[in-house]
Peer 1: 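Attaching a single structure in structure tokens format; questions to follow.
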Amino acid sequence: MARGVLSFPLTSFHDDGTLDPDGFRAHVAAQIATGPGAIFPACGTGEFFSLDEDEYRQVVTIAVEEAGGRLPVVAGTGYGWAQAVRFARIAEEAGADALLVLPHYLVAGPQDGLVAQLEQIAARTRLPLIAYQRGQVAFGVDAFRRVAEIPGVIGLKDGHSDLDRLQRLTLAAPEGFLFFNGASTAEIQARAYATVGVPAYSSAVHAFAPEIANAFFTALRDGDDGTVEKLLREFYVPLVELRDRVPGYAVSLVKAAARLRGRPVGPVRAPLTDPSAADLADLERLLASGLDLVGADL
């Protein structure tokens, strides 16, 4: 998965908020055509938290069909372990290759509980699991060692950006264990993550501007610091500043940018809100500028 940007596709909705399977299929097909290292349907960027089980089944099934075995399909799952297992079984039936276990719902838990959550899910699915530490989920070294020993747990996605802790975890990991940079707008911290042994990262930008995401990935891989810094300075940092204006814009702006490019992804579902007219105008200017940096058009 470190050989290409990790794609987290958006889930398409009609204007009335109902699922748009045809729009999602077109979006996923376009994402796969740009050569990502893997595709992660129904995760955070894909508004997993707003999908019912039937919608989830359709989303994962479409992603598997469009991938056609050419790249891994890692479906999201989450909430408490009992509900996570229900989604896991649907993903199994749909043909997913693995699961990303999103942070559990609402409550904080001790380290023993965080480990037990993964144990319960792993015992009830044949699919490999990637744990996602973010929000109320953060593993200490001792707990992480136990997680890495759970049969079926193959990786950890990190969204805390605590590089001291993360370095300790990578050093404690068994050989072959996977790590992913899951920070918001992960490109901002991609170089820092790579220094502690975590080169693979998810890219929300890939969902609306794969040209920019792939140009950044290539420059980072090839040690082209000039291009990396130009893209960071002139596109990614302004995008983060725009993202931080309103809670939920980490998804809402991505969907809005995709719509600006004619992608059939539709609006976000509540509790997220679509960008204001002023923010949308700023986004359109930034998107056009970013695409111009890599020789692409809006």
Side-chain angles (χ1 to χ4, degrees), residues 1-11 24-25 27-49 51 53 55-79 81 83-104 117-118 121-122 124-134 137 147-148 150-159 176-184 186 193 198-207 210 213 217 251 254:
M1 295 186 194
R3 296 178 182 174
V5 174
L6 303 180
S7 169
F8 283 67
L10 300 155
T11 298
F24 180 69
R25 185 179 294 277
H27 173 57
V28 168
Q31 287 281 287
I32 291 172
T34 65
I39 191 163
F40 288 68
C43 293
T45 305
E47 297 178 78
F48 166 78
F49 49 85
L51 301 177
E53 292 180 12
E55 292 168 334
Y56 176 87
R57 184 186 301 276
Q58 293 182 67
V59 164
V60 178
T61 298
I62 289 169
V64 170
E65 290 173 351
E66 291 302 316
R70 292 172 291 168
L71 74 171
V73 176
V74 184
T77 190
Y79 305 115
W81 67 259
Q83 186 63 50
V85 168
R86 290 176 66 93
F87 283 105
R89 288 173 178 161
I90 293 170
E92 283 187 28
E93 294 166 1
D97 298 296
L99 295 165
L100 177 65
V101 182
L102 302 168
H104 61 271
Q117 164 88 341
L118 291 168
I121 299 170
R124 292 167 171 81
T125 179
R126 62 174 178 80
L127 294 180
L129 305 181
I130 299 169
Y132 191 2
Q133 63 169 13
R134 186 169 181 165
V137 177
V147 166
I150 299 172
V153 176
I154 63 169
L156 177 73
K157 183 181 181 186
D158 174 75
F177 196 83
L178 304 174
F179 286 91
F180 305 92
N181 167 5
S184 295
Y193 270 81
V198 184
Y201 62 88
S202 57
S203 175
V205 170
H206 190 274
F217 179 88
V251 175
V254 175

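The figures here come from the full heavy-atom set of this structure, side chains too, leaving out hydrogens, waters and symmetry mates. Counting from 1, the numbers follow the sequence of the chain as shown. All values derive from a computational prediction rather than experimental measurement.
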Peer 1: Hey, could you give me the OH/NE2 distance between Y201 and H206, rounded to the nearest 0.5 Å?
Peer 2: 9.5 Å
Peer 1: Which residue pairs satisfy the side chain to side chain donor-acceptor pair (under 3.5 Å) criterion with at least one member in residues 37-46, sequence neighbours excluded?
Peer 2: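 Of all non-adjacent pairs touching residues 37-46, none passes side chain to side chain donor-acceptor pair (under 3.5 Å).
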Peer 1: I'd like to check the side chain to side chain contact (heavy atoms under 4.5 Å, CB included) partners of A96; sequence neighbours left out, ordered by chain and number.
Peer 2: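 With neighbours one apart ignored, the set is V60, A75, A91, L127.
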Peer 1: Please name the pair of heavy atoms, one in V254 and one in A207, separated by the smallest distance, quoted to 0.1 Å.
Peer 2: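 Residues V254 and A207, closest heavy atoms: CG1-CB, 3.8 Å.
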Peer 1: Quick check: closest heavy atoms across A42 and L51, and the distance to 0.1 Å?
Peer 2: CB-CD1, 4.1 Å
Peer 1: Side chain to side chain donor-acceptor pair (under 3.5 Å) with R124: which residues, sequence neighbours excluded?
Peer 2: Q120
Peer 1: Just jot down the side chain to side chain contact (heavy atoms under 4.5 Å, CB included) partners of P128, sequence neighbours excluded, or say none.
Peer 2: A98, I154
Peer 1: Kindly assign one of parallel, tilted or perpendicular to the pair F40 and F180, based on the angle between their ring planes and the thresholds 30° and 60°.
Peer 2: perpendicular
Peer 1: Would you check if P9 and I39 make a side-chain contact, meaning some heavy-atom pair closer than 4.5 Å?
Peer 2: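 Yes, close enough: below the 4.5 Å cut-off.
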Peer 1: Got R134 and S184 here, is their nearest side-chain heavy-atom distance under 4.5 Å?
Peer 2: yes
Peer 1: Would you compute the distance between atom CG of L100 and atom NZ of K157 and round it to the nearest 0.5 angstrom?
Peer 2: 5.5 Å
Peer 1: List the residues meeting side chain to side chain contact (heavy atoms under 4.5 Å, CB included) with E53, not counting sequence neighbours, and say none if there are none.
Peer 2: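 With neighbours one apart ignored, the set is Q83, R86, F87, I90.
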Peer 1: Return the minimal non-hydrogen interatomic distance between A84 and I121, and the atom names on each side.
Peer 2: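 In this case the closest contact between A84 and I121 is CB-CD1, 3.7 Å.
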Peer 1: Once salt bridge (charged side-chain N to carboxylate O under 4.0 Å, His left out) is applied, do any residues pair with R70, and if so which ones, sequence neighbours excluded?
Peer 2: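 Salt bridge (charged side-chain N to carboxylate O under 4.0 Å, His left out) check on R70 returns nothing, list empty.
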Peer 1: Checking T61 now: which residues fulfil side chain to side chain donor-acceptor pair (under 3.5 Å) with it, not counting sequence neighbours?
Peer 2: none
Peer 1: Just by modelled atom types, is the L102 backbone N or O under 3.5 Å from a matching donor or acceptor in the Y79 side chain?
Peer 2: no
Peer 1: Among all residues two or more places apart in sequence or in another chain, which pass the side chain to side chain donor-acceptor pair (under 3.5 Å) test with Y56?
Peer 2: none
Peer 1: Please name the pair of heavy atoms, one in A63 and one in V28, separated by the smallest distance, quoted to 0.1 Å.
Peer 2: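 Nearest pair, atom of A63 first, then V28: CA-CG1, 4.2 Å.
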Peer 1: Under the side chain to side chain donor-acceptor pair (under 3.5 Å) rule, collect the residues that match up with D158, sequence neighbours excluded.
Peer 2: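 Counting only residues at least two positions away or on another chain, D158 forms a side chain to side chain donor-acceptor pair (under 3.5 Å) with Q133, Y193.
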Peer 1: Among pairs that include at least one residue of residues 93-104, which meet side chain to side chain donor-acceptor pair (under 3.5 Å), considering only residues two or more places apart or in two chains?
Peer 2: R57-E93
Peer 1: Determine the minimum heavy-atom distance between V251 and G44, stating which atoms define it.
Peer 2: CG2-O, 3.8 Å
Peer 1: Just jot down the side chain to side chain contact (heavy atoms under 4.5 Å, CB included) partners of V153, sequence neighbours excluded, or say none.
Peer 2: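 Per chain and number, V153 pairs via side chain to side chain contact (heavy atoms under 4.5 Å, CB included) with L129, V147, I150, F177.
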Peer 1: For a quick test of reading the model, state the closest non-hydrogen atom pair linking L6 to G37 and the distance between them.
Peer 2: CD2-C, 4.2 Å
Peer 1: Under 4.5 Å between any side-chain heavy atoms of Y132 and V101, yes or no?
Peer 2: no
Peer 1: Looking at W81, is its backbone amide N or carbonyl O close enough to the side chain of Q117 to form a donor-acceptor pair, meaning the two atoms are under 3.5 Å apart?
Peer 2: yes
Peer 1: Given P36, which of P210, S202, P72, S7 fulfils the side chain to side chain contact (heavy atoms under 4.5 Å, CB included) condition?
Peer 2: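 The side chain to side chain contact (heavy atoms under 4.5 Å, CB included) with P36 is passed solely by S7 among P210, S202, P72, S7.
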Peer 1: Return the CD to CG distance between Q31 and L10, rounded to the nearest 0.5 Å.
Peer 2: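 Those atoms lie 7.5 Å apart.
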Peer 1: From the options C43, P41, S203, select the one residue that forms a side chain to side chain contact (heavy atoms under 4.5 Å, CB included) with F8.
Peer 2: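 By the side chain to side chain contact (heavy atoms under 4.5 Å, CB included) criterion, F8 pairs with just one of C43, P41, S203: C43.
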